[in-house]
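First up is the structure itself, then whatever we jot down about it.
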Number of protein chains: 2
Amino acid sequence: MSTVPADGGRPPTLEQVARYAGVSRSTVSRVINAVPTVAPEIRETVERAIAATGYVPNLAARSLVTRRTDSVAIVISEPDRTSGTPFLNRMFTDPYVGRVTAGAQEVLLPRNIHLVVIPVDPPARHLVLRYLRQGHVDGVLLVSSHVDDPMPGLLGELDIPTVLSARPGDPVRASYVDVDQRAGARLAVEHLIGRGCRRLATICGPLDMTAGQDRLAGFRAALLGYAQPDPPVVEADFTRAGGEAAARKLLAGHPDVDGLFVANDLMAEGAVRAVRELGRTVPDDVAVVGFDDSSAAVESHPALTTIRQPVEEMAAEMARLLLARIRDPHRLSRAILFHPTLVVRASA
Amino acid sequence: MSTVPADGGRPPTLEQVARYAGVSRSTVSRVINAVPTVAPEIRETVERAIAATGYVPNLAARSLVTRRTDSVAIVISEPDRTSGTPFLNRMFTDPYVGRVTAGAQEVLLPRNIHLVVIPVDPPARHLVLRYLRQGHVDGVLLVSSHVDDPMPGLLGELDIPTVLSARPGDPVRASYVDVDQRAGARLAVEHLIGRGCRRLATICGPLDMTAGQDRLAGFRAALLGYAQPDPPVVEADFTRAGGEAAARKLLAGHPDVDGLFVANDLMAEGAVRAVRELGRTVPDDVAVVGFDDSSAAVESHPALTTIRQPVEEMAAEMARLLLARIRDPHRLSRAILFHPTLVVRASA
DNA sequence: GTGAAAGCGCTAACAG
DNA sequence: CTGTTAGCGCTTTCAC
């Protein structure tokens, strides 16, 4: 039924459909918006007219009056001091972003809400803020992980409904969803201790990210209970290569380490590679626990024992919080923490 | 100067700015749109008023009359029969998408054109098409690689400016940019032969992708010149794990293979891993050439010799073609082929 | 160089 | 249950 009308340049309007069907604009509008109070036969006439003309509502006209666009953005933000790899490569290479998107889609799709992904690095920041202020979207899911990222604050000033993917560096009024990072680190430590490791160390994430800070703090706190007061710590950048380099450095300085808590799976994969290239085995010589339970955990050899973050469920919750906030702008914001779980595979 | 006015719910309008500045709506509009015919002092007054009121143009109202949104979408499409890994994970894990986005940003950002990324898998297809038809964006950069992907055709019917990232399965009227795949395969073969390989084989990409087809065809064609009529071929899915499994299978069936052309870097990385785990060395026992020169090529151990696709430059060209098409809808569409180059590293 | 007025395509009261 | 009417906020002729 793709009977497209004489393509006279412009697409058909409500008016034209109405004329075609011999009814008023309002009636067509009601049919489009599924308002129940329309006589069945008229509805059918109108639907035929819509099909015949190939009519599609004009978004600009509609949202000019409704003040809604039925779409939300997932904004992936990058703070000022960028590390080695180019931002877009990192963003499209870290399985985390895909999981967040998938989880959000899960709740948005059934509700017919469009989702667009917007990467933001410093040069694009200005343009993105404009995009958001212009009303392209009804709300934003902000993935921001650096403590010094200005985006959470900037979005706060914009007064557009926002939900954050993690605890922000500076408190803001937006809601956020996070995993209980310290509990995760504790699970890892207890597992390593439980399998007999005597000398634990950690490759922590960047300390300018809340996730990096919290996982390290959790690691140290958990270790306190086991009388290992000053465990070796090497910081890396959450990438595979970074984890690899960190593990090399760590084992060079502390050859006796036999248990490694690595703050994400990507780095853990790199660390495992380093350990093996140094001629030691995983998990027998060095046991390795990752964090995330991302696709990298399964792809690694041996497969990673890791702390599972229910990212998809968390993202779905973010979407729900956002929709609620869009519906009721006065809704109070809140923080929701999810519990991590230990997933045992081969690396520890 | 973020002097926000009494937040009376709605954002300030042109009308209010005009009143504040003591001029007409038209004048403010001219200032906003940088129309030259405005007296300098008046322009300044208006600018002050804009700053004072915190005015931001309403996109819906503007694009209702201009029929432009100054934004384009990069649509990442997934065809019906999806392979193992969930689409969003694959999409956010393949370095290719990031490179395309970065390349497009390079030309869009300076022109103040917004870029949004939209993933499309079959369940979302309908919604995305609606999004595009509603006029959220002025044009689309379509990343579609499967021959049976309906998106190129569907977008064609929509009559929205579109540029494709590769040769489409069925010819469509949209422009596309691609790399000369066959030339790339030839470079790889010549390099392997040149370093003394006697028995070549290939891990080809999915044959339901034009890239998979063309690289395999190029490999076979190039080999014809070297009297190796029927080289071993194993098909895999462009993922690391797929490449690994394929290499295992290949070497099991053909232990004499000493040169491997792998149709992308991700698979090549997996293949290298398999070769080494089988107790053979790279490149001495088996030389491996990848394709793409993505970040995976450098991360692999040993680093991959590979065929470089100038993805960023290609994406920039896509963006330029799209903008030209948006400016002039009657512009003829075209295909642009880029030349690949050989990048020699350690794996071959 | 500036203002007045019309209209983009749609929804939302309000009558009937 | 349906039609009429009045805008939503902006750009764009067209006079002045």
Identify the two heavy atoms, one from B:E47 and one from B:V31, that lie closest to each other, and give their separation to 0.1 Å. CG-CG1, 4.1 Å
Which atom pair, heavy atoms only, marks the closest approach of A:T162 to A:A174? O-CB, 3.6 Å
Inspect the surroundings of CD in A:E106 and state if more than 12 heavy atoms from other residues, nucleotides or ligands are less than 6.0 Å away. no
OP1 or OP2 of D:dG3 less than 4.0 angstrom from a side-chain nitrogen or oxygen of A:S24, does that happen here? yes
Dot-bracket for DNA chain D, 5' to 3', Watson-Crick and G-U pairs with both distances under 3.5 Å, [ ] for crossing pairs, | for partner on another strand, reads ||||||||||||||||
Figure out the CD1/P separation between B:I50 and D:dC10, and round it to whole Å. 11 Å
Smallest heavy-atom separation, B:V100 atom then B:A315 atom, equals O-CB, 3.2 Å
Go along nucleotides 9-15 of chain C 5' to 3' and tag each nucleotide: B for a protein heavy atom under 4.0 Å from its base, S when only backbone or sugar atoms are that close, - otherwise. BBBBB--
N or O in side chain of A:T27 less than 4.0 angstrom from D:dT2 OP1/OP2: no
Looking only at heavy atoms, the pair that brings A:F338 and A:E317 closest together is CZ-CB, 4.0 Å
Quick check: does any side chain N or O of A:T69 sit under 3.5 Å from a backbone N or O of A:H136, one acting as donor and the other as acceptor? yes
Whole-Å distance separating the CD atom of A:E44 from the P atom of D:dT2: 13 Å
Which atom pair, heavy atoms only, marks the closest approach of A:S77 to A:D149? OG-OD2, 2.5 Å
Closest non-hydrogen atom pair between A:S175 and A:R334, with its separation: OG-N, 2.8 Å
